[in-house]
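This report concerns only the one structure given below.
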Amino acid sequence: MTRSTSSSSSTSNNRSQLSSDEDDIPLSQTALIKNQSPESSEQTSVKNETDYDSDDVLARQHKKRKLKKIKEEEDNKNAALKNSNKKRKSMKKDELKEDLKGEEEEEEEDEDNEYKWWEGQNDDDDTIKWHSLIHNGVLFPPDYNPLPAHIKLYYDGKPVDLPLDAEEVAGFYAALLETDHGKNPVFQKNFFNDFLQVLKETGGTLNNVEIKDFEKCDFSKIHAFFQLQKDQKKQLSAQERKQLRLEKEKFEEPFKFCELDGRKEQVGNFRVEPPDLFRGRGAHPKTGKLKRRVHAEDIVLNLSKNAPIPPPPEGHRWGEIRHDNTVQWLAMWRENIFNSFKYVRLAANSSLKGQSDYKKFEKARQLKSHIDAIRKDYRKNLKSKVMLERQKAVAIYLIDVFALRAGGEKSEDEADTVGCCSLRYEHVTLKPPNTVIFDFLGKDSIRFYQEVEVDKQVFKNLAIFKRPPKQPGHQLFDRLDPSILNKYLQNYMPGLTAKVFRTYNASKTMQDQLDLIPNKGSVAEKLLKYNAANRTVAILCNHQRTVTKGHALSVERANMKIKELIWQKIRLKKAILQMEPTIFEKEPKYFKEIEDLTKEEEEEIHKKIIEKENDRYRKKFVRENDKKKFENEELLEEKVLTEWLDKVNDLKLQYEKELKGGTIELKPSLNTVEKIKTQIEKLEQRIQISSIQLKDKEENSEVSLGTSKVNYIDPRLSVVFCKKYNVPIEKIFTKALRDKFKWAIESVDEEWRF
DNA sequence: AGAGTGACTTAGCAATTTACCA
DNA sequence: TGGTAAATTGCTAAGTCACTCT
């Protein structure tokens with residue numbers, strides 16, 4: 001038996017795990033046999049022994065026992081899945097949709113058959129990442145779709161005919177014309193250089209227009225065309241959208257999953273990055289450069305020795321086929337901006353990623369039993385006679401207390417950002433007696449600005465590190481780099497590095513914050529407290545986000561809404577007094593707030609409401625007529641609108657009357673004091689809720705909670721919180737996060753602590 | 001030890017989907 | 001029931017850190 005036949009048949013043993021396709025073709029064979037009917041491919045499957053790639057016999061035997069159990073379970077599942085596939089084949093398309101929906105729910109029930117790596121004993125050796133790996137390669141972006149003939153670049157007012165490859169690049173820029181990137185001179189320069197280069201490679205313009213000057217290029221027609229396309233896409237009906245989405249999904253299906261050690265697992269970024277202009281963050285010297293198209297020839301595939309090799313696109317061949325089971329990636333290529341690698345890897349919910357994640361948090365927890373010694377040592381070493389030791393001590397202090405990153409050296413052609421070890425003179429300002437102002441750009445050019453009080457000795461040391469001849473531009477920690485620091489840290493604990501401190505302090509902070517939350521109140525209230533704890537961590541880690549462009553406006557609106565609610569409440573209270581003036585003596589407190597609303601404020605609110613109402617009716621008028629026009633019905637007359645607006649005017653007059661102390665007219669149903677009071681209570685609740693939401697919104701506007709939730713906070717903390725406080729996990733983890741953190745959700749009890 | 005490489009995690013923003021409100 | 005805002009996911013840039021080679 002040859003190697004390749006042995007592989008395809010051995011994998012067919014496991015294909016029940018992979019029957020994601022509508023038809024029955026196992027993944028391993030779709031790669032081999034194209035356009036073959038399901039029936040015939042089914043017949044080609046032959047039973048075979050498990051066939052691992054590893055030449056390491058010991059490792060093989062070691063794993064065999066574990067896998068055997070899994071295989072048995074798979075076989076059980078096999079029968080069930082086959083049935084469901086048969087059922088599907090006999091169904092019509094629209095029935096299929098329903099069925100797919102139902103099946104997703106079934107998946108949850110199916111979980112007994114799933115591989116739960118966290119339930120077995122975990123072996124520490126993770127140099128071998130897999131024993132068998134089968135996948136369908138990568139999904140390439142579509143070929144360039146040329147512009148219509150009449151859409152062109154203009155140079156100095158003249159239309160330019162570009163070779164397709166150059167047109168594509170021009171299009172990349174045109175798409176960004178109105179964005180910050182498009183307006184950035186460095187971006188423009190880098191783009192233009194590469195654009196000219198491509199133009200040269202493709203033989204220049206087709207109508208002898210010589211392009212020399214960026215300023216003379218007019219991309220606006222291309223830009224407008226893209227805009228039009230976007231708008232048209234928006235116009236699509238819900239059904240058309242769904243159709244497109246389904247088609248896309250079907251197309252992607254073969255790439256979404258792979259087979260890892262016989263199990264079906266999700267692939268993360270199976271799509272090859274499309275060509276585009278490089279969008280560097282911050283002041284990036286290379287921003288705007290052309291990121292070139294990646295072809296099969298550029299790609300290295302990594303899979304089992306005897307796995308079928310997925311067919312490359314027609315007319316192409318793969319760059320290389322590799323069989324390296326010490327790495328997690330399925331495919332990789334070199335990009336042309338930095339000559340670095342891009343990888344296709346497994347999804348966050350995969351067993352490999354899950355295990356790394358688990359190990360990361362366990363490593364951080366391990367730090368608990370060393371942190372006291374480490375802190376004691378760095379306090380002592382702050383006074384060391386040896387400069388290197390002092391620098392280490394201060395650096396670890398900063399990393400521990402302010403959650404700084406390690407701060408590796410960066411090259412000239414990257415954005416100028418720093419971390420702890422790469423801090424420079426100008427990033428730290430000392431304000432006696434012991435205040436330090438940090439001001440620098442960190443990862444992603446996010447500003448780190450903090451004015452803080454530090455340990456006296458740390459302050460002294462920073463002053464020493466800044467002493468002449470040091471001046472702006474010089475390294476603060478001139479004896480240090482992350483590798484020296486990390487080597488030192490390993491003395492305390494194997495695997496201890498600077499980044500472990502971030503994980504440790506983030507999770508520790510979260511635990512402490514959660515401990516402070518009282519177990520009472522509504523779910524909404526508890527969630528708010530959870531988010532507040534989450535926010536503490538995000539602030540510690542300096543996780544920011546740019547305020548959305550509509551933020552100010554939306555805060556404004558929320559404020560207005562609250563004011564309006566308060567006004568409504570006061571109006572009702574006034575109405576009560578009009579109804580029964582004597583009631584005031586009984587509860588003066590209840591009516592006291594009426595005075596809080598000034599005439600001016602009330603007038604303002606009236607104005608806003610009237611504006612809003614007018615607006616609403618005008619929009620309604622337009623909308624209904626649009627609809628009638630579309631359905632060829634008779635249009636509403638202008639008169640109708642006038643009638644509506646007259647009604648609003650009546651309201652306006654009524655308010656004006658009220659403002660002068662006139663009778664408040666309420667809905668007929670609000671005819672007793674009791675009923676009005678109930679209404680007031682409802683309003684109060686709404687005011688309460690809206691105020692809390694607004695506060696949350698404002699406090700969160702510049703803080704990104706997601707990053708710490710995804711990367712730093714041990715998910716088991718959140719799971720325990722949910723269990724103890726009776727909060728549904730769905731309120732805290734999205735579907736994607738529940739999948740990613742399944743190991744945490746299923747492995748923890750209420751007593752667990754970080 | 002120092003540069004260079006390779007593989008992995010962490011990061012914010014854009015695009016897309018869902019929820020919500022009148 | 002459509003339009004808007006919030007939530008979620010997708011994308012890929014930008015870090016960290018181990019390892020290799022000299």
Side-chain angles (χ1 to χ4, degrees), chain A residues 126-127 129 176 179-181 230 233-234 238 241-242 245 268-274 276 278-282 284 286-287 291 300 302 324 326-329 332 334-335 337-343 345-348 352-353 356-357 359-360 405-411 414-415 417-422 441-446 481-487 489-490 495-500 502-503 506 538 541-546 548-551 553-554 557-558 561 612-613 615-616 619-620 623 626-627 693 697 700 704-708 710-712 733-737 739-740:
Chain A
D126 59 356
T127 53
K129 312 286 174 150
L176 300 174
T179 67
D180 288 347
H181 287 300
K230 259 191 212 163
K233 212 175 155 189
K234 256 186 220 160
R241 270 161 209 258
K242 196 163 192 177
R245 195 164 51 89
N269 54 333
F270 49 83
R271 204 185 300 274
V272 172
E273 290 177 21
D276 200 353
F278 171 69
R279 282 126 121 144
R281 316 243 171 100
H284 200 300
K286 292 199 173 193
T287 196
K291 193 170 80 168
V300 181
N302 189 35
D324 184 352
T326 67
V327 294
Q328 296 195 3
W329 53 268
M332 73 164 195
R334 223 181 245 287
E335 50 82 43
I337 306 285
F338 298 103
N339 207 28
S340 68
F341 291 129
K342 299 277 190 172
Y343 299 91
R345 284 156 307 153
L346 290 159
L352 272 179
K353 288 269 190 187
S356 318
D357 221 25
K359 278 181 181 147
K360 173 183 78 185
R405 296 188 182 82
E409 204 194 356
K410 295 193 73 184
S411 81
E414 296 173 275
T417 64
V418 298
C420 183
C421 293
S422 48
L441 297 182
K443 184 178 179 180
D444 292 305
S445 294
I446 294 295
D481 67 37
S483 115
I484 294 170
L485 207 58
N486 287 337
K487 272 191 195 106
L489 290 172
Q490 322 261 312
L496 183 59
T497 62
K499 85 189 266 283
V500 179
R502 268 170 82 83
T503 314
C541 295
N542 199 39
H543 291 144
Q544 302 185 16
R545 58 174 182 171
T546 51
T548 50
K549 60 172 186 274
H551 177 72
L553 193 71
S554 116
R557 266 202 289 255
K561 189 177 140 198
K612 235 166 45 183
E613 284 294 286
D615 222 47
R616 196 164 67 92
K619 274 188 183 151
K620 185 178 168 182
R623 194 173 59 228
D626 275 353
K627 204 167 134 193
Q693 280 174 345
K697 183 182 198 154
N700 265 344
S704 166
L705 302 189
T707 307
S708 50
V710 170
N711 298 301
Y712 287 102
F733 288 155
T734 63
K735 175 80 169 70
L737 279 189
D739 285 344
K740 167 171 172 160

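Just so it is clear: chains get the letters A, B, ... in the order the sequence lines come, proteins before strands, and each one is counted from 1. Quick caveat: nothing in here was measured; it's all calculated off a predicted structure.
- Among the protein residues, A:A498 comes within range of the sugar-phosphate backbone only, with heavy atoms under 4.0 Å from sugar or phosphate atoms but none that close to a base.
- Here the nucleotide nearest the side chain of A:H284, chosen from B:dA11, C:dC17, C:dA14, is C:dA14.
- Comparing B:dG12, B:dC8, B:dG6 by their closest approach to the side chain of A:R334 singles out B:dG6.
- The shortest heavy-atom contact between A:S445 and A:R281 is OG-O, 3.8 Å.
- The nucleotide whose nearest atom lies closest to any side-chain atom of A:E273 is, among C:dT8, B:dA11, C:dT12, C:dT12.
- Crowding of A:K410 atom NZ: a count of heavy atoms from other residues, nucleotides or ligands under 6.0 Å exceeding 12.
- If you check every strand for non-hydrogen atoms under 4.0 Å, A:T546 touches sugar and phosphate atoms only.
- Separating the CG atom of A:L705 from the C1' atom of C:dA6 is a distance of 14 Å, rounded to the nearest angstrom.
- Closest to the side chain of A:R281, from the set C:dC17, B:dC8, B:dA11, is B:dA11.
- Counting non-hydrogen atoms under 4.0 angstrom, A:S483 reaches nothing in the nucleic acid.
- Put simply, A:K342 has no side-chain N or O that comes within less than 4.0 Å of OP1 or OP2 on B:dA7.
- For A:Y343, the side-chain atoms get nearest to B:dC8 when compared with the rest of B:dC8, C:dA14, B:dA11.
- Here A:K360 reaches the OP1 or OP2 of B:dT10: one of its side-chain N or O atoms lies under 4.0 Å away.
- The shortest distance between the side-chain N/O atoms of A:T497 and the OP1/OP2 oxygens of C:dC17 is below 4.0 Å.
- In terms of polar N and O atoms assigned as donor or acceptor, the side chain of A:K499 never comes within less than 3.5 Å of the base of C:dT16 in a complementary pairing.
- Residues A:V327 and A:R279 each lie close to DNA chain B; by heavy-atom proximity, the contact nearer the 5' end of the strand is made by A:V327.
- Proximity note for A:K291 (side chain, C-beta onward) versus C:dT12, C:dC17, B:dG12: the nearest is C:dT12.
- Among the atoms of the strands shown, only primed sugar atoms or phosphate atoms (P, OP1, OP2) are found under 4.0 Å from some heavy atom of A:G280.
- In this structure, A:K561 and A:Y712 both approach DNA chain B, and ranking their closest nucleotides by distance from the 5' end singles out A:Y712.
- Backbone-only engagement by A:R545 is indicated by non-hydrogen atom pairs under 4.0 Å involving sugar-phosphate atoms exclusively.
- Among the heavy atoms of the strands lying under 4.0 Å from A:F341 are primed sugar atoms or P, OP1, OP2 only; no base atom is included.
- Counting any heavy atom pair closer than 4.0 Å across all strands shown, A:Q490 reaches sugar-phosphate atoms only and no base atom.
- Backbone-only contact: A:G407 has heavy atoms under 4.0 Å from sugar-phosphate atoms and none from a base.
- An OP1 or OP2 oxygen of C:dT9 is reached within less than 4.0 angstrom by a side-chain nitrogen or oxygen of A:T734.
- Taking only side-chain atoms of A:D444, from C-beta outward, the nucleotide of B:dA7, C:dA14, C:dT9 with the closest atom is C:dA14.
- The side chain of A:F278 has C:dA14 as its nearest neighbour among C:dT9, B:dC8, C:dA14.
- A:D180 places its CG atom 14 Å from the C1' atom of B:dG12, with the value rounded to the nearest Å.
- Each of A:D481, A:T497, A:L496 was scored for a side-chain contact (heavy atoms from CB on, under 4.5 Å) with A:N486, with one residue passing: A:T497.
- The main-chain N or O of A:N700 is found under 3.5 Å from a side-chain atom of A:R545 such that the two form a donor-acceptor pair.
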Start with the C-alpha distance between A:E335 and A:S340, add both sets of side-chain angles, then the distance that settles side chain to side chain donor-acceptor pair (under 3.5 Å), and finish with yes or no.
-> CA-CA 6 Å; A:E335 50 82 43; A:S340 68; 2.9 Å; yes
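- A search for salt bridge (charged side-chain N to carboxylate O under 4.0 Å, His left out) contacts involving A:K353 returns nothing, not counting sequence neighbours.
- Heavy atoms of A:E414 sit nowhere under 4.0 angstrom from any nucleic acid atom.
- With A:N269 contributing its side chain and A:Y343 its backbone, the two residues share a donor-acceptor pair below 3.5 Å.
- Interatomic distance, OG1 of A:T287 versus CZ of A:R279, reported as 9.0 Å (0.5 Å rounding).
- A:R405 has its CZ atom 10 Å from the P atom of B:dT10, to the nearest Å.
- Between the CG atom of A:L496 and the P atom of C:dT16 there is a distance of 15 Å, rounded to whole Å.
- Summarising the geometry, the separation between NZ on A:K230 and C1' on B:dA14 is reported as 10 Å, rounded to the nearest angstrom.
- Out of B:dC8, C:dA14, C:dT12, the shortest distance to the side chain of A:N269 is found at C:dT12.
- Rounded to whole angstrom, the span from the NZ atom of A:K286 across to the P atom of C:dA13 amounts to 12 Å.
- For the pair A:D324 CG and B:dC8 C1', the computed distance is 14 Å after rounding to whole Å.
- Distance CZ (A:F338) to P (B:dA7): 19 Å, rounded to an integer number of Å.
- The side chain of A:R271 lies closest to C:dC11 when the candidates are B:dT10, C:dG15, C:dC11.
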